[in-house]
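Order of the sequence lines fixes the chain letters, A, B, ..., with proteins taken first and strands second; residue numbering starts at 1 for each chain.
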There are 2 protein chains.
Amino acid sequence: MASLTAGNRRPVRLADIAKAAGVSHGTASNVFSRPEIVREEVRERVKAAAEAMGYGGPDPKGRLLRAGKVNAIGVATAEPLSYFFDDPFARVMMAGISQACDATGAGISLVSAGNNEQLAWNIQSALVDGFIVFCIEGGSRLVQLARERKLPFVALDLASEDGSVATIGIDNVAGAAMAARHLTDLGHRRFAVLALQFVDGRTGPVSPEQVQTAVYAGTRDRLTGYFQELSRVGVDTSKVPVYETANDVASTIAALEAIFGVAEPPTAILAMSDRMALVALEWLSARKLNVPNDVSVVGFDGVPESAVSEPPLTTVAQPIAEIGRLAVKAILENDGTTNRRQLPVELIVRASSAPPRG
Amino acid sequence: MASLTAGNRRPVRLADIAKAAGVSHGTASNVFSRPEIVREEVRERVKAAAEAMGYGGPDPKGRLLRAGKVNAIGVATAEPLSYFFDDPFARVMMAGISQACDATGAGISLVSAGNNEQLAWNIQSALVDGFIVFCIEGGSRLVQLARERKLPFVALDLASEDGSVATIGIDNVAGAAMAARHLTDLGHRRFAVLALQFVDGRTGPVSPEQVQTAVYAGTRDRLTGYFQELSRVGVDTSKVPVYETANDVASTIAALEAIFGVAEPPTAILAMSDRMALVALEWLSARKLNVPNDVSVVGFDGVPESAVSEPPLTTVAQPIAEIGRLAVKAILENDGTTNRRQLPVELIVRASSAPPRG
DNA sequence: CACTTTCGTTGGATCGATTCAAATTTTGCT
DNA sequence: AGCAAAATTTGAATCGATCCAACGAAAGTG
C-alpha cells in the first residue's frame with residue numbers, strides 16, 4: 001500500500017499548505033479565518049492546495065492556544081457520566097443548560113470519572129471556560145477541585161457556607177416550609193422525613209446532632225424548613241423520624257421500611273426529592289396503603305415525572321431549567337462578581353396529599 | 001481596589017512561577033507533570049511559588065497542543081442539544097457512550113447548534129479526538145462535515161450507501177421483517193406504517209417512488225423489511241399507507257389522523273420508532289380504540305419507556321447502549337480500518353399486539 | 001585522584017495556529 | 001509617468017505548555 005489515502009501520514013499543518021501554495025503562513029491563515037481579505041486568485045490557490053493535501057482546516061488545538069477562549073462550559077459531577085442522562089432532575093437541568101448553550105453557541109463538556117484520582121485529573125485537564133458543578137454526592141470535593149482550576153464556576157444545589165463560591169439555587173427553607181405547611185393545613189400531625197444526604201456516604205436514621213454537622217446545606221435547610229413549620233403547629237420535631245438516603249431506590253426503601261415498621265406510622269411523608277417521593281408512592285402502593293387517603297406524600301423538585309405518577313405528586317417545584325440557564329449565563333458573562341442567586345419555588349398541589357383519615 | 005483577588009490580572013503562566021521560584025521552565029513543568037524527578041526542596045519551592053501567585057496548574061490549552069490528544073470524543077447531532085436529554089433513544093445511547101467513556105477516562109463533548117452555519121463551525125472547532133454522529137434529521141450534512149474534519153468518526157443509525165463511512169448499526173431489514181412477521185402470524189392483513197424520515201424535512205404520505213430516493217437507508221431498509229414480509233403473505237404493499245413523520249408528536253398525530261380517517265382502517269400499525277408507537281398508543285386510547293384488540297401496535301428501538309407504557313409495547317429492540325459502547329471503542333482504538341458493524345436485534349413481544357378482531 | 005555513573009537542571013525546539021506592524025503591490029488620479 | 005492611497009502579503013512574535021539533548025554537580029569505583 002502506498003501513501004494514497006491512509007498510511008503513516010503525519011497530519012498536514014497549515015504551514016505545509018502555505019508552502020505548497022507558495023504563500024506565507026500568515027496569508028494561508030487568513031484564507032481560512034478571514035477569506036475576504038485575501039485576493040481571490042490566491043485564496044483559490046491555497047484552497048486547492050489544502051484540498052490536494054487532505055488538510056482538514058485549521059486545527060482547533062492550535063487556534064485555541066492563541067484565542068484563549070474554548071467556548072465550552074464544563075458540567076461536572078462526581079456521579080458517573082450516565083447520571084446526566086438517567087436522573088430526571090439532572091436531565092431537566094441539562095435541558096436548561098443546553099438551551100442557554102445553544103443560544104450562545106457554546107459547547108458542553110461532560111466531566112466526571114470512575115474513580116477519585118481520575119476525577120481530579122479530568123477537572124484539571126478539562127478544556128472549558130468554566131464549570132457548572134453538580135453538587136450531589138462528593139460535592140465539596142468537586143467544588144474544591146473546580147476552585148483550584150481558577151476558572152469561573154457556579155455550584156448548583158450545594159448552598160455552601162463558603163460565601164466565596166457562586167451558587168444558583170433556591171430558598172430551601174422557604175420551599176420546605178411550604179411543603180410542610182400544606183400538610184399541616186390539611187390536618188396532619190404525624191410526619192416522617194425522607195432526607196437527602198447530610199454528609200457523604202451515609203444512609204439511615206439521623207439524629208439532631210448529626211443534622212448540625214451537615215455538609216450539605218441544602219439538605220439541612222430543607223429540614224429546617226420542615227421543622228419550622230411543624231414546630232409552629234406544635235409537633236415535637238425531635239420525635240419526627242428523619243431518614244437519610246442516597247436518593248436511590250434501595251436506601252429509600254430501607255428508610256420506608258423503618259418508617260412504617262412502627263406502631264403508629266406517620267400519616268404524611270415529607271420527601272426532599274421527587275425521586276424519593278416517587279419510590280415511596282410505589283412502595284406504599286405495593287403495601288396496599290392508599291395515597292393520599294392512608295398516607296400523604298409531598299416531594300421536592302418538580303421533575304416532569306411527578307406530574308404523571310400514580311397518583312400525581314404534590315411537590316415543591318424548583319425552576320430547574322431556569323437554574324441551568326442562569327448558570328450558563330453566569331459563567332459566560334463572568335464579570336468577576338461572585339454572586340449567589342436564589343430563585344423562587346412553587347408548591348404544586350396534586351393528588352398525593354389529602355387530609356389524614358378520621 | 002488593588003489587585004488582591006480579582007482585578008485585571010492576566011493569567012499566571014508556568015513561566016511566571018518558574019521565574020519566581022528561580023528555576024527553568026523545564027523544571028517547573030516537571031514539578032507538575034513528573035514531580036518524582038525533581039528534588040524535593042526545589043519541588044516545594046516551586047509549589048509554594050505557584051500557590052502564592054495563584055497558579056491554577058498547567059493550562060490544558062498549552063499541554064493539549066503539545067500532546068496532540070484531547071482525550072474526549074464528540075457526539076454530534078443536528079438536533080438541538082437538549083435532544084440528548086429528552087429523547088429516550090438518545091438517552092440510552094448516551095448512557096452506553098458514557099459508560100465506555102467513563103471506563104477509558106475519556107470526556108464527552110456535546111456538539112450541536114441552533115442554525116446550520118453554527119453547526120459547521122462547531123464541528124470544525126470541536127476539541128475532540130473523533131466524532132460519534134447521530135444521524136437523525138440532517139444526517140448526511142453532518143457526516144459530510146465530520147468527514148471534512150479528517151478525524152475518526154462513526155455514524156450511527158444512518159446506514160449510508162457510502163461504504164467509506166464507518167457505521168455501527170443493526171440489520172434494519174431483518175428487524176423490520178421480524179416485526180411484520182409477528183403481526184402476520186397473528187393474522188393481521190391490514191397495515192399502516194409510521195415511518196421515520198426518508199429525506200430531510202418532509203412529512204406526510206409517501207409514494208413508492210419517493211421511497212426509492214430515500215436519503216436515510218435505515219428508514220428505507222425498515223420499510224423494505226416490513227414489505228418483504230407483507231408481500232410474503234400476499235398483502236398488496238402498494239396499498240399499505242406509509243406516513244413519514246419527524247418522529248415527533250405533532251407529525252405522528254397528523255399521520256394517525258390520516259391513517260384512521262378512512263373507511264377500512266388498518267388493524268395493525270408498524271411504527272419505525274417506539275416514540276411514534278407510544279404516541280400512537282396514547283392517541284388510540286384517547287380515541288377509545290383498544291390496543292391490542294382493535295389495533296395492534298409494534299414499535300422499533302426498545303427504549304425503556306416501551307416496557308412501561310399502557311399497554312406495554314411490542315417492539316424490536318436494538319442493543320442501543322451496546323451500540324454506543326462500541327462506537328466509543330471504535331473511535332478510541334481507531335485503527336484506520338473503516339468498519340461497519342451490524343448488531344443483532346430482538347423482537348420483544350408485549351401486550352400491544354394481538355390477533356385482529358373476528 | 002582520575003574516571004565513570006547517576007541525578008537534577010537547563011534552555012532551545014516544538015506543537016499549530018493567529019495577529020499585527022511593516023513591506024510590498026495595486027489601483028486611482030492627474 | 002508620477003505619486004498618494006488602498007489593498008495585499010509577509011514574517012516575526014505570541015499563546016502555554018512539554019520534550020529532550022546536553023550539561024553540571026554529586027556520588028561511586030578502582
Q | Min side-chain heavy-atom separation B:Val128-B:Ile331 under 4.5 Å | A | no

Q: Name the closest nucleotide to the B:Val42 side chain, picking from D:dA17, C:dT9, D:dG16.
A: C:dT9

Q: Give the rounded distance in Å between these two atoms: CG of A:Leu64 and P of D:dA17.
A: 12 Å

Q. Starting at CD of A:Glu40 and ending at C1' of C:dT26, how long is that distance when rounded to a whole Å?
A. 16 Å

**Q.** Nucleotide C:dT25, atom P - distance to CD of A:Glu41 in whole Å
**A.** 15 Å

Q.
Given D:dA17, D:dT9, D:dG16, identify the nucleotide with an atom nearest to the side chain of B:Leu14.
A. D:dA17

Q: Check whether any side-chain nitrogen or oxygen of B:Thr27 sits under 4.0 Å from OP1 or OP2 of C:dT10, and answer yes or no.
A: yes

Q. For DNA chain C, whose closest nucleotide is more 5', that of B:Asn30 or that of A:Asp59?
A. B:Asn30

(Q) By nearest atom, which of the nucleotides C:dT9, D:dT10, D:dT9 is closest to the A:Ile37 side chain? (A) D:dT9

Q. Can you tell me how far C1' of D:dG16 sits from CE of B:Met53, to the nearest Å?
A. 14 Å

(Q) Just N and O in the side chain of B:Arg66: are any of them under 4.0 Å from OP1 or OP2 of C:dT14? (A) no

Q: Mind calculating the distance between NZ (B:Lys69) and P (C:dC15) to the nearest angstrom?
A: 17 Å

**Q.** Spacing between A:Arg13 atom CZ and C:dA17 atom C1', to the nearest angstrom
**A.** 11 Å

(Q) Ignoring hydrogens and geometry beyond distance, is a side-chain donor-acceptor pair present between A:Tyr216 and A:Asp200 at under 3.5 Å? (A) yes

**Q.** For atom CG of B:Leu65 and atom C1' of D:dC15, their distance in whole Å
**A.** 9 Å

Q) Which residue, A:Glu36 or A:His25, contacts DNA chain D at a nucleotide closer to its 5' end, judged by nearest heavy atom? A) A:Glu36

Q | Atom CD of A:Glu40 with >12 non-hydrogen neighbours under 6.0 angstrom | A | no

Q) Under 6.0 Å between ring centres, would you say that holds for A:Phe84 and B:Phe85? A) no

Q) Do A:Arg325 and A:Gln99 get their side chains close enough for a donor-acceptor pair, meaning under 3.5 Å? A) yes

(Q) Any side-chain N or O of A:Arg39 below 4.0 angstrom from OP1/OP2 of D:dT9? (A) yes

Q: Could you check how far CZ of B:Arg34 sits from C1' of C:dC7, rounded to whole Å?
A: 13 Å

Q: Classify the nucleic acid contact of B:Tyr55 as base, sugar-phosphate or nothing, counting any heavy atom under 4.0 Å across all strands shown.
A: sugar-phosphate

Q) Are any of B:Ser29's side-chain N or O atoms less than 4.0 Å away from OP1 or OP2 of D:dT18? A) yes

